[in-house]
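In the text below, chain A, chain B and the rest are named by the order of the sequence lines, each starting its count at 1. Remember, it's a predicted structure, so these values are computed and weren't measured experimentally.
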Protein chains: 2
Amino acid sequence: MGESSLTSDWLARRADLAPCPNCHLRSLCLISAIEPQHLKAVSGHIKVLKPLRRGDVIYRAGAPTRKLFIVHAGAAKTSLNWHGGHEIICDYHLPGDTLGLDGLHTGLHTTTSVALETTHLCELNRESLGQLASGHPVLRERLCQDISRALARSQRHQLEISAKTAEQRLACFLLDLSTRLHARGYSPSAFRLPLGRHEIAKHLGMRTETLSRLLAGLRKKGFLSLEGREVRLLQQDRLRGLAGN
Amino acid sequence: MGESSLTSDWLARRADLAPCPNCHLRSLCLISAIEPQHLKAVSGHIKVLKPLRRGDVIYRAGAPTRKLFIVHAGAAKTSLNWHGGHEIICDYHLPGDTLGLDGLHTGLHTTTSVALETTHLCELNRESLGQLASGHPVLRERLCQDISRALARSQRHQLEISAKTAEQRLACFLLDLSTRLHARGYSPSAFRLPLGRHEIAKHLGMRTETLSRLLAGLRKKGFLSLEGREVRLLQQDRLRGLAGN
DNA sequence: CGCAAACTTGACTGAGCTCAATACCGGTGG
DNA sequence: CCACCGGTATTGAGCTCAGTCAAGTTTGCG
């Protein structure tokens, strides 16, 4: 049985699609920087998109950045690829995360973003963002914070990829996922992986085969149990020791 | 003989330390987003620091982010380290680059920044930044752009580290440096490395020994000549082919 | 039910790491 | 001016972690 997927869970909680004032995401979302009494006015700028299915492209590298997106429910990945062949997954995104921030400097997206499962997005175009930012200093502060957070995450990931062993990287990934799910109200020790094996491997800079072996290894050592995408972390403390933070 | 170092060159060009209105950096610098007629008023917020020497710490991971810094002349590195032992160099910074952007989200620096040679910085505290941003929409747009650019650089670096061979990473590094120096008015094909071998290696996620061997290899293949830190790119096109962008 | 995609497991290989020795270079003091 | 010294760079030899290639196996979807 296990937990149901992110999507169905979030869907169950959403009484309706009414935008920000009733949104359950609260402080996780960029928009929460706007004072409650102004939220209703702001809602006009936020468009709630109809659900995307796994594999749907949110934006493509090279396309103009006209909008930002916020994950309302579901999950997405952001990837970079290299003359057709190679692809890496820069990051994965959970509810509350803002998508498209890397396109602000040139006005063109540098990455491609794709839904990982059935996903609901909120859309905010750049002009609206500019207008809102003028009136709400807290919002523009928060926007900088969100880009800055993405930067810090990316740098931490750099460290992991370039200085840790494959097993340590996997441990870091599992712990990061656990923490982020926890922050969103889920169990930190039993969850469903939002990415497939191949995708996790591409995120961690290793081959699918290596990842598979490592997962088998961690299972044998009793750090976790897993069937398919359902994971249960059995010894988070030891996993943390392995990851070495 | 070769080119003199970044520092002495920039120093030679600087007639005096008069801040922004006469600054030679122009559009490379964040502050250039402010309209020329307002620059004089703004200058009060910008403090020009006395020169740092190689190894001087600009800020340390964990310390509160009260200021941003802009490299006026010289160079700096930004690094992340991992329980004392391991260190990686996330990025290196040339004149015009803004330092401290990764600390905006928590208000604490996540990285440590250190001068690579004699370096002049301009300092801008966060309150000033906030004030300026209120009055100058273009400036706040530019701030977002600069953070966004740092993010995109970091992601590209992720790709390089996790999907390219050591030799390709080295080629990418040399080309990136060449491009950035060119943008600052230097020769793209003959320059002095701002980082030592050990530092370059830590930036590229490899060992010093490996880097040394690769440099020797590229020299033998006729891609470049080098003595000490002075590099001359002899076949940029082939280097580009190797790097594969 | 059947097929393709996703995942696992095994055996072998090789790029890059480790350990170790040597060479070089810039600065300091006699 | 030279001799010395410590940090920096190069080169060599052997080893190892993770990649590659190749079968299987399981899963999920039409």
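- Applying the side chain to side chain donor-acceptor pair (under 3.5 Å) criterion to A/K77, with sequence neighbours excluded, gives A/E199.
- A ring pair (Phe, Tyr, Trp, His ring centres under 6.0 Å) check over residues 204-245 of chain B, counting only residues at least two apart or in different chains, returns nothing.
- Listed by chain and number, the residues in a side chain to side chain donor-acceptor pair (under 3.5 Å) with A/R238 are A/Q235 (sequence neighbours excluded).
- Ion pairing of A/D102 with B/R156 is absent here, as no side-chain N (NZ or NE/NH1/NH2) approaches a carboxylate O to less than 4.0 Å.
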Show the atom names and distances, to 0.1 Å, of all donor-acceptor pairs under 3.5 Å that link a side chain in residues 200-210 of chain B to residues at least two apart or in another chain.
| from | atom 1 | to | atom 2 | distance (Å) |
| --- | --- | --- | --- | --- |
| B/K202 | NZ | B/E87 | OE1 | 2.4 |
| B/H203 | ND1 | B/I89 | O | 2.7 |
| B/T208 | OG1 | B/H198 | ND1 | 2.9 |

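- The terminal axes of the helix from C/dC1-D/dG30 to C/dG30-D/dC1, fitted over 5 pairs per end, subtend an angle of 40° to the nearest 10°.
- Within the structure, every pair that satisfies the side chain to side chain donor-acceptor pair (under 3.5 Å) test and touches residues 212-226 of chain A, not counting sequence neighbours, is listed here: A/E167-A/K221.
- Partners of A/E123 according to the side chain to side chain donor-acceptor pair (under 3.5 Å) rule, which considers only residues two or more places apart in sequence or in another chain, do not exist here.
- You can see that DNA chain D meets the heavy atoms of chain A within a 4.0 Å-exclusive cut from D/dA18 to D/dC21, reading 5' to 3'.
- Per the geometry, CG belonging to A/L211 stands 10 Å off C1' belonging to C/dC7, to the nearest Å.
- What separates CZ of B/R213 from C1' of C/dC19 is a distance of 11 Å, to the nearest Å.
- If you measure from atom CD of A/E199 to atom C1' of C/dC7, you get 13 Å, rounded to the nearest angstrom.
- Partners of A/H109 according to the ring-ring contact (aromatic ring centres under 6.0 Å, His included) rule, which considers only residues two or more places apart in sequence or in another chain, are A/Y59.
- Every residue meeting the side-chain contact (heavy atoms from CB on, under 4.5 Å) condition with A/S162, not counting sequence neighbours, appears here in chain and number order: B/I88, B/I161.
- Of the residues in residues 202-210 of chain A, those placing a heavy atom less than 4.0 Å from an atom of DNA chain C are A/E209, in numerical order.
- With sequence neighbours excluded, no residue satisfies side chain to side chain donor-acceptor pair (under 3.5 Å) with A/S113.
- Between the CG atom of A/L214 and the P atom of C/dG10 there is a distance of 14 Å, rounded to whole Å.
- Comment: B/D237 does not engage B/R240 in a salt bridge, judged by the lack of any side-chain N to carboxylate O separation of less than 4.0 angstrom.
- A straight line from CZ of A/R229 to C1' of C/dA5 spans 12 Å, rounded to a whole angstrom.
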